[in-house]
2 protein chains.
Amino acid sequence: MTEKQEKILTAALELFAQEGYKVTSTSKVARQAAVSEGLIFRHFKNKEGLLDAIMKEGEKRAKLLFADIVLETDPKTVILKTLEMGIKTVQNQSESNFWKLQYKIKWELEEYNAHKVEPLLYALVRAFEKLNYPEPEFEANSLMILIDGLAMRYFLDQQFEIDGQIEFLKRKYNL
Amino acid sequence: MTEKQEKILTAALELFAQEGYKVTSTSKVARQAAVSEGLIFRHFKNKEGLLDAIMKEGEKRAKLLFADIVLETDPKTVILKTLEMGIKTVQNQSESNFWKLQYKIKWELEEYNAHKVEPLLYALVRAFEKLNYPEPEFEANSLMILIDGLAMRYFLDQQFEIDGQIEFLKRKYNL
DNA sequence: TATATTTGTAAGTGATTACTCACTATGACA
DNA sequence: TGTCATAGTGAGTAATCACTTACAAATATA
């Protein structure tokens with residue numbers, strides 16, 4: 001991975017996350033990366049290849065993040081870590097861009113990929129089981145859906161105060 | 001409102017909701033509406049004017065939908081109607097396209113417009129107050145966030161079974 | 001019926017798109 | 001040192017973009 005290759009990836013991640021994938025031109029990516037446009041196609045074949053490289057890079061980081069939760073045995077800690085996962089990662093700039101891109105891409109390309117979060121979902125089901133919730137599957141699903149909603153508000157609503165809302169949810173789940 | 005004008009609006013709503021606003025070309029809208037491209041600009045001035053017309057038309061329908069909930073006095077019915085609002089409207093094709101466009105536009109243009117749903121939010125706060133929930137504001141907000149998450153899954157995840165999830169939520173809220 | 005206004009079309013406009021191609025610069029290894 | 005692969009550039013390409021313009025058809029008004 002050369003220096004310019006990384007510059008292209010960083011520029012593309014930022015632009016795709018902020019403006020959107022389809023509407024961001026390769027010329028704009030090249031300009032922001034201070035690189036000739038042709039170099040993008042040399043390294044990543046085409047625009048889609050550039051997106052793939054970004055997503056693959058990001059998936060690694062996501063797996064690391066999920067692993068910490070899935071390996072947890074205490075049920076309350078599983079739920080707590082799941083709830084706090086969002087805020088913590090989102091502080092970091094490039095990490096934030098990656099998660100924003102994940103959601104933006106879902107709406108742009110209309111593919112949800114529920115299987116990506118399956119391990120996390122199962123960890124939550126087990127956690128709610130241990131805590132004797134009557135319907136652990138539905139409960140886990142609801143929490144995942146709630147987190148999608150939280151992410152949406154966090155990224156799109158400037159006014160939204162996510163910390164207070166998450167503190168409330170901790171109280172609700174007796175954490 | 002001429003016949004061709006309505007044809008343009010219908011075609012644009014469908015294409016904007018399915019492909020996205022920015023990436024849908026005016027020539028494609030014209031082709032789907034079986035109309036010359038120039039007519040779009042005659043009637044709606046520019047592409048943005050076309051989007052505005054669609055959104056304004058849809059806001060009327062949204063207000064009608066919200067009014068039915070906001071005017072309700074029984075707190076449990078307010079929560080119930082809010083939960084079921086989604087599924088009912090989404091059955092109808094053009095209504096479904098309108099709601100999908102609402103969400104898609106949020107991500108494409110990055111403007112959340114929380115004030116649009118303010119009346120609904122306040123109705124929920126009052127409902128949770130009446131039911132003696134300890135933190136009605138947070139509770140109402142959580143429900144709204146949950147609904148955003150539900151909508152996201154409904155529109156993007158083919159596998160997602162929304163009815164079961166909503167029945168579960170009814171049980172959780174003792175409805 | 002004569003005139004004015006609105007509705008509609010088709011063929012343009014320059015700008016921008018993703019991508020290619022011919023070329024040069026750099027560095028590793030024989 | 002000479003050769004070869006990789007890294008990088010900049011000027012091209014046809015296609016498509018939102019939008020305009022000149023003109024015709026249809027409709028309303030006098």
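Here the structure is a predicted model, which is why all the values come from computation and not from measurement.
- Put simply, CE on A:Met1 is 12 Å from P on D:dG8, counting in whole angstrom units.
- Look at B:Ser36 and you won't find any side-chain N or O under 4.0 angstrom from OP1 or OP2 of C:dA10.
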Apply salt bridge (charged side-chain N to carboxylate O under 4.0 Å, His left out) to B:Lys88 and B:Glu95, showing your working. CA-CA 10 Å; B:Lys88 280 182 182 167; B:Glu95 205 80 12; over 6 Å; no
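- One interatomic measurement links the two molecules: CD1 of B:Ile40 to P of D:dT20, which rounds to 13 Å at whole-angstrom precision.
- Here the C1' atom of nucleotide C:dT17 and the CZ atom of A:Arg31 are 12 Å apart, to the nearest Å.
- Geometrically, B:Lys63 does not engage B:Phe66 in a cation-pi contact defined by less than 6.0 Å to the ring centre and at most 45° from the axis.
- At whole-Å resolution of the value, NE2 in B:His43 and C1' in C:dT9 are 12 Å apart.
- Between A:Phe155 and A:Tyr103, the ring-plane angle classifies as tilted under the 30° and 60° cut-offs.
- Side-chain atoms of A:Arg42 lie closest to D:dG8 of the nucleotides C:dA18, D:dG8, C:dT9.
- Rounded to a whole Å, the CG atom of A:Leu39 is 16 Å from the C1' atom of C:dA18.
- The side chain of A:Lys4 contributes no N or O atom lying less than 4.0 Å from OP1 or OP2 of D:dG8.
- A cation-pi geometry, defined here as NZ or CZ lying under 6.0 Å from the six-membered ring centre and within 45° of its normal, holds between A:Lys47 and A:Tyr21.
- Taking atom CD of residue B:Gln5 and atom P of nucleotide D:dA26, one finds them 19 Å apart after rounding to whole Å.
- A:Lys22 has no side-chain polar atom (N or O) that falls below the 4.0 Å cut-off from OP1 or OP2 of C:dT17.
- Proximity note for B:Val35 (side chain, C-beta onward) versus C:dT9, C:dA18, D:dC17: the nearest is C:dT9.
- For the pair A:Phe41 CZ and D:dG12 C1', the interatomic distance rounds to 14 Å; values are reported in whole Å.
- In this view, B:Asp163 satisfies the salt bridge (charged side-chain N to carboxylate O under 4.0 Å, His left out) rule with no residue, not counting sequence neighbours.
- Residue A:Glu37 has its side chain nearest to C:dA18 when only C:dT9, D:dT9, C:dA18 are considered.
- When distances are taken from the side chain of B:Ser25 to each of C:dT17, D:dC17, C:dT9, the shortest belongs to D:dC17.
- For A:Thr2, a side-chain nitrogen or oxygen approaches OP1 or OP2 of D:dG8 to under 4.0 Å.
- Which of D:dC19, C:dT20, D:dC17 sits closest to the side chain of B:Ser27 comes down to D:dC17.
- Whole-Å rounding puts the A:Glu6 CD to D:dG8 P distance at 12 Å.
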